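To keep things clear, I will list the structure first and then write my remarks on it.
Since this is a predicted model, take the numbers as computed values, not measurements.
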Amino acid sequence: MSISTSANFFSIKKKLSDKAVEDLFVALRATHGVTGHNEFKHTRENLGGARWSAICFRYEGAPAFLDEATDIRETLCGFLMLVEYEKYAAVLHARLGLLPSFKTKYLAAVPTARVEGAIATADAIFQKMRMRNMSVSPYAMQNKTLEAPNLANVVGPGGSRRYAPRNYSVLSGGSQRSATPSTGRISIRSARVNLAGAVDFVITVINALRDDNPAVSPFIKSFARPVTLAEALEASEPTAIAIDTTVLAEAFDSNGTGIRLVREAEGIIELSAEELTVLIEQLERPLDISGDGRVRTADDPASGEEVASIALNKNRIALRSLSQAPASEVLVESLGVPLGEDDDRKSLREYLDEANALIVLFDDVRLAYIDGQVFRDETLLDGGDGFLQYFRADASLSNVTSEKGEFTATHTAFDQTCTFGAIVDHIGANDAILLCDDLGDEWADFIGLKEEAGLTQVCFYHAKHGALSLGASPFHVSVSQAIKNLGNMTFPENSMQAKLQTWGALYVAPNQTTQIPRTIRSNAPDLAAALSRTRTAPDVMRRAVIVTSSVSRQAIADAFAAIQNGQKPSPSFVQLYWLLQSFFSACTEVGATGSIVCQP
């Protein structure tokens, strides 16, 4: 044998026996339709204090690069090895996978904290990391990957605190190591090893997993921290769920070994691209959790209708039902068999539950359940001071009664009692250039520019009005618009001709022409040249600003003070926190600064 040192690690929840392993091997052969002899098979043999089992056999499958209906078959050789040691097990495999029924009965996931303690050691130098945003908002950047010789030198706390690590690679003890905590996969880069080397690798990793008090890297502590579900439920309640649809996207891209989504309609039919888009949009929509028992409903916040349910189990949150079409009607098949012939076809609900695709938020704003694990954002221990730094109060918004005001054919300026008027007369008053970009191919409601003391500042203002609230609803559209247009803050050259024509015209309100110039003011002899300079200016500061009358900075501060005093925040405030954290983070990703201008 000659294999790489990489395996999936589990804790053993039910004692294994020779019969259990033999039954696994029989089921593996049956799954692949194998009737011939094994290349080799060993059952629970002793080596170095561990027990190891292994099977290898040949089977036929359709080539990944041909249509699944082809009659052409290629002969593949599959291998699976199971090593048991000190109440842990490791699976090393190629072209064979552990059967879900065996895994469910005998094995359990290794807690994220133990994987972290084994790989993210105090001396570890992080070189690559893939992260998931702790937000159920469809407007947030869901995943990002960072890579550098030493990530600690290039990633600050502001760029990490809203993310939970999904997998990472580190340099530790002179070797390259990687881990995917959600699946328990751990690899140590080395020359390929024989049987004794494979068992020794497993024993070494399991001994590290067994350490109850590991020294963990300070770098990873700046990210979201893992806690047990029992700990989370003892002190808080789940308030909202959504589905991490990236698990579907990753399965679609599995080069012939992944899945297809189908539905029944006089036979089995694969979902079209249009149907898939509708399904993904439905799954990504946040739902409100209600009830106080082990099983709880998940309701559409718009209609109040129950569309799903969850079960709060001992170690995980299960997706119990998806009751609304199209999600309730979708089935999942393996690409390894022809369309409609998968005897192991399962419902979308079952697939998502097995993949731990649930994202759950709690009334403790620090917590989020991702990849079958609860994470806590420890930075909220500062009482919200870091969050409040993004908010600026402006008294002019206290007098606002609408977003855009009223219009007549003789209007030459926006009303002072609307959000647009507050931006022109107060919030953007110091901008030497101020352009109204509302309606049409809109980048922002207003764009401000000023050059002062050798520094250049560009502001994209996104205006909203509404009743005072501590909920996320008033911000969804603004956050979406702001994030979508972050790339336009560089004034892309291929868009400028059309934009200059727009800014040179009068503002036309819905169903009403006005005399309001879109170029509110400009001190530039040549507007095009002034905007062009910002494209290459080395010292430009770009700010995405949401201007809203629907929130009070003092109300935000009071909410955090109440949290510090032990009060539970409302579910809507939890969603507001994560939505705006996602906005601030998205701005940081492109070198911009996000902020909120609101009522005092």
Side-chain angles (χ1 to χ4, degrees), residues 3-13 50 52-54 78-100 102-104 106-121 124 126-132 143 145-147 164-173 175-190 192-193 197-211 214 216-217 220 223 226 244 246-247 249-251 253-255 257-258 315-316 354-357 370-373 375:
I3 60 174
S4 60
T5 47
S6 179
N8 291 86
F9 289 82
F10 304 90
S11 60
I12 298 174
K13 68 179 182 182
W52 67 276
S53 308
F79 159 77
L80 184 140
M81 180 177 181
L82 176 68
V83 182
E84 308 163 49
Y85 179 71
E86 293 289 348
K87 298 183 180 179
Y88 285 84
V91 178
L92 301 86
H93 60 95
R95 296 199 179 102
L96 292 179
L98 203 60
L99 296 180
F102 179 88
K103 186 191 303 184
T104 300
Y106 292 100
L107 305 177
V110 176
T112 299
R114 289 199 175 269
V115 176
E116 184 181 89
I119 302 301
T121 52
F126 283 76
Q127 298 185 325
K128 187 173 183 178
M129 179 177 284
R130 184 168 181 244
M131 299 173 288
R132 177 62 163 87
N143 296 280
T145 300
L146 302 176
E147 190 168 2
R166 300 191 78 170
N167 53 58
Y168 43 81
S169 297
V170 304
L171 185 64
S172 176
S175 63
Q176 192 78 36
R177 307 180 181 189
S178 62
T180 305
S182 63
T183 63
R185 188 159 190 82
I186 295 175
S187 303
I188 298 179
R189 184 180 297 173
S190 70
R192 296 170 71 84
V193 297
V199 172
D200 184 63
F201 154 70
V202 170
I203 291 174
T204 299
V205 172
I206 289 177
N207 282 333
L209 293 172
R210 294 171 59 215
D211 188 347
V216 179
S217 165
I220 204 169
F223 294 85
D244 180 3
T246 60
V247 300
E250 290 169 355
D253 295 334
S254 295
N255 193 26
T257 60
N315 296 313
R316 67 186 295 268
E354 290 176 4
N356 282 322
I370 301 171
D371 284 339
Q373 171 71 55
F375 293 91

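Under 3.5 Å, the side chains of Ser182 and Arg166 contain no donor-acceptor pair of N or O atoms. A donor-acceptor contact under 3.5 angstrom links the side chains of Arg177 and Ser175, judged on distance only.
Between Asn356 and Gln373, the closest side-chain pair of non-hydrogen atoms is not below 4.5 Å. Looking at heavy atoms from C-beta onward, Thr121 lies out of side-chain contact with Val216 at the 4.5 angstrom threshold. Residues Phe223 and Met129 meet the side-chain proximity criterion, which asks for heavy atoms closer than 4.5 Å.
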Point to revise | Leu171 and Gln127: CA distance, side-chain angles, deciding distance, side chain to side chain contact (heavy atoms under 4.5 Å, CB included) verdict | key: CA-CA 7 Å; Leu171 185 64; Gln127 298 185 325; 4.2 Å; yes
Exercise for review: Verify side chain to side chain contact (heavy atoms under 4.5 Å, CB included) between Tyr168 and Ile119, making sure each step is shown before the conclusion.
Suggested key: CA-CA 9 Å; Tyr168 43 81; Ile119 302 301; 3.9 Å; yes
Exercise for review: Could you please spell out the steps behind the side chain to side chain contact (heavy atoms under 4.5 Å, CB included) verdict for Asn8 and Leu98?
Suggested key: CA-CA 10 Å; Asn8 291 86; Leu98 203 60; over 6 Å; no
Practice item. Kindly indicate, with the supporting measurements, whether the criterion side chain to side chain contact (heavy atoms under 4.5 Å, CB included) is fulfilled by Phe201 and Val193. Key: CA-CA 9 Å; Phe201 154 70; Val193 297; 5.8 Å; no
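The two residues Ser217 and Ala124 make their nearest non-hydrogen contact at OG-O, 4.3 Å. Summarising the geometry of Pro165 relative to Met131, their closest heavy-atom pair is CA-CG, 4.1 Å, with the distance given to 0.1 Å. When every heavy atom of Val199 is checked against every heavy atom of Ala50, the shortest pair comes out as CG1-CB, 4.0 Å. The shortest non-hydrogen separation linking Ser11 to Val110 is N-CG2, 3.8 Å. Closest heavy-atom contact between Ala89 and Leu82: CB-CD1, 4.1 Å. Closest approach of Leu92 to Ala7, counting heavy atoms only: CG-CB, 3.7 Å.
In the displayed structure, Lys87 atom NZ is contacted under 6.0 Å by at most 12 heavy atoms of other residues, nucleotides or ligands.
Phe9 contributes atom CZ, which lies 11.0 Å from atom OG1 of Thr183 (distance to the nearest 0.5 angstrom). The distance from atom CZ of Phe10 to atom CG of Leu209, rounded to the nearest 0.5 Å, is 12.0 Å. Taken from OH in Tyr88 to CD1 in Ile206, the straight-line distance is 8.5 Å, to the nearest 0.5 Å. Note that the CZ atom of Arg189 and the OG atom of Ser178 stand 8.0 Å from one another [nearest 0.5 Å]. To the nearest 0.5 angstrom, Leu146 atom CG is 12.0 Å from Arg130 atom CZ. The CZ atom of Phe102 lies 5.5 Å from the CG atom of Leu107; values are rounded to the nearest 0.5 Å.
Using modelled atom types, no side-chain atom of Lys13 and backbone atom of Ala109 make a donor-acceptor pair closer than 3.5 Å.
Shown are Asp200, Ile186, Thr5; of these, the side-chain contact (heavy atoms from CB on, under 4.5 Å) with Val205 is made only by Ile186.
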